[in-house]
Amino acid sequence: MEKIKNIWFDKNRIYMKAQSGKLFSRPLEAYPELMNATTEQRNDYVVGDDGEDIRWESIDVDMHVSSFLETSEPQENAIGALFAKYPWLNISEVARSLNISQSLLVRYIYGISTPSEERVSEIKNVLHEFGKELLSA
């Protein structure tokens, strides 16, 4: 298993340099807590004693080195298209309404995980209900 030497960010990605010298990166959008964090919060991390995990205490985020070893990039999908079309949607509130974690919904949005057809329907129904509430306001 690779060991973490250091972590850094640019506008759209998180990077990890391994102690072996290999460089890995992932889309930052796959990690909403880090994407929405300040520069100070992102840079305030601690690598675990075993070199395989990272902890951002101030934003309560943990990450394992294995998340950097995944090489597939997010894929376009119906759920992602909905959130791209309506960027003002609050991912946290949608996830809460679905009774799922925000991180799972983010994985659906960015194509990291594929929801079942039933889950896609549930997501669309929740968004439809939000729309009806907005129309009645």
Side-chain angles (χ1 to χ4, degrees):
M1 178 70 57
E2 294 286 349
K3 305 287 184 185
I4 300 164
K5 182 174 182 179
N6 66 335
I7 300 290
W8 70 95
F9 300 85
D10 70 13
K11 182 178 176 182
N12 300 312
R13 298 189 76 82
I14 179 172
Y15 296 87
M16 187 265 296
K17 185 168 186 174
Q19 290 177 2
S20 67
K22 293 181 183 175
L23 180 63
F24 300 89
S25 76
R26 298 294 295 147
L28 194 53
E29 62 196 8
Y31 308 99
E33 298 92 345
L34 292 171
M35 185 172 71
N36 295 323
T38 65
T39 300
E40 292 79 21
Q41 289 171 319
R42 288 180 186 170
N43 291 329
D44 185 26
Y45 66 88
V46 176
V47 176
D49 291 337
D50 64 0
E52 294 182 3
D53 62 300
I54 313 147
R55 172 81 180 148
W56 286 268
E57 186 68 36
S58 65
I59 54 175
D60 192 27
V61 172
D62 297 291
M63 190 181 298
H64 190 265
V65 69
S66 61
S67 65
F68 287 98
L69 306 180
E70 170 62 46
T71 58
S72 65
E73 291 292 319
Q75 302 297 312
E76 292 291 324
N77 65 78
I79 301 303
L82 283 170
F83 281 82
K85 186 174 182 180
Y86 305 106
W88 44 265
L89 285 169
N90 183 314
I91 295 171
S92 179
E93 282 300 310
V94 174
R96 187 188 59 73
S97 296
L98 289 162
N99 205 22
I100 64 173
S101 70
Q102 178 180 342
S103 61
L104 177 58
L105 182 56
V106 167
R107 290 193 306 268
Y108 292 156
I109 292 168
Y110 295 109
I112 295 166
S113 295
T114 304
S116 66
E117 286 302 316
E118 181 180 343
R119 179 69 82 190
V120 170
S121 182
E122 290 172 359
I123 293 168
K124 288 179 178 180
N125 286 338
V126 162
L127 295 178
H128 187 249
E129 289 300 316
F130 283 175
K132 287 188 340 188
E133 286 180 32
L134 285 170
L135 281 173
S136 68

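Y45 and R42 make their closest contact through CD2-O, 3.6 Å (heavy atoms, listed as atom of the first residue, atom of the second, distance). Among all heavy-atom pairs drawn from Q102 and I91, the shortest one is CG-CG2, 3.9 Å. Nearest heavy atoms, A95 versus L105: N-CD2, 3.7 Å.
Separating the CG atom in L98 from the CG atom in L127 is a distance of 7.5 Å, to the nearest 0.5 Å. Rounding to the nearest 0.5 angstrom, the gap separating the OG atom in S67 from the CG atom in D53 is 10.5 Å. The distance from the NE2 atom of H64 to the CD1 atom of I54 is 9.5 Å, given to the nearest 0.5 Å. Atom CD of E2 and atom OG of S66 lie 12.0 Å apart (nearest 0.5 Å). The CG atom of N6 sits 9.5 Å away from atom CE of M16, with the distance rounded to the nearest 0.5 Å. One finds the CD atom of E122 at 6.5 Å from the OG atom of S116 (value rounded to the nearest 0.5 Å).
Other residues sharing the hydrophobic cluster of W8, ordered by chain and number and joined by side-chain separations under 4.5 Å: Y15, L23.
Put simply, F24 and M1 are part of the same group of oily side chains (I, L, V, M, F, W, Y) that touch within less than 4.5 Å, one to the next. When hydrophobic clusters are built by joining Ile, Leu, Val, Met, Phe, Trp and Tyr residues whose side-chain heavy atoms come closer than 4.5 Å, directly or via intermediates, F83 is grouped together with L134.
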Do any side-chain atoms of residues 30-40 form donor-acceptor pairs under 3.5 angstrom with protein atoms, and if so which ones, sequence neighbours left out?
unit_1, atom_1, unit_2, atom_2, d
N36, ND2, P32, O, 3.1
T38, OG1, Q41, N, 3.0
T38, OG1, Q41, OE1, 3.3

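Taking a 6.0 Å sphere around CG of D50, one finds it holds more than 12 heavy atoms contributed by other residues, nucleotides or ligands. The environment of D10 atom CG is dense: over 12 non-hydrogen atoms of other residues, nucleotides or ligands sit within 6.0 angstrom.
Each side-chain hydrogen bond (donor to acceptor under 3.5 Å, both in side chains) pair with one or both residues in residues 78-95, not counting sequence neighbours, appears once here: E93-R96.
By the salt bridge (charged side-chain N to carboxylate O under 4.0 Å, His left out) test, K3 pairs with E52, sequence neighbours left out. For S97, the side-chain contact (heavy atoms from CB on, under 4.5 Å) partners two or more places apart in sequence, or in a different chain, are V126, F130. Residues meeting the salt bridge (charged side-chain N to carboxylate O under 4.0 Å, His left out) test with D62, sequence neighbours left out: R55.
Between the side chain of N77 and the main chain of I109, a donor-acceptor pair closer than 3.5 Å is present.
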Q) Would I100 and R119 count as a side-chain contact (heavy atoms from CB on, under 4.5 Å) if you check the C-alpha gap in whole Å, the side-chain angles of each, and the deciding distance to 0.1 Å? A) CA-CA 10 Å; I100 64 173; R119 179 69 82 190; 3.2 Å; yes
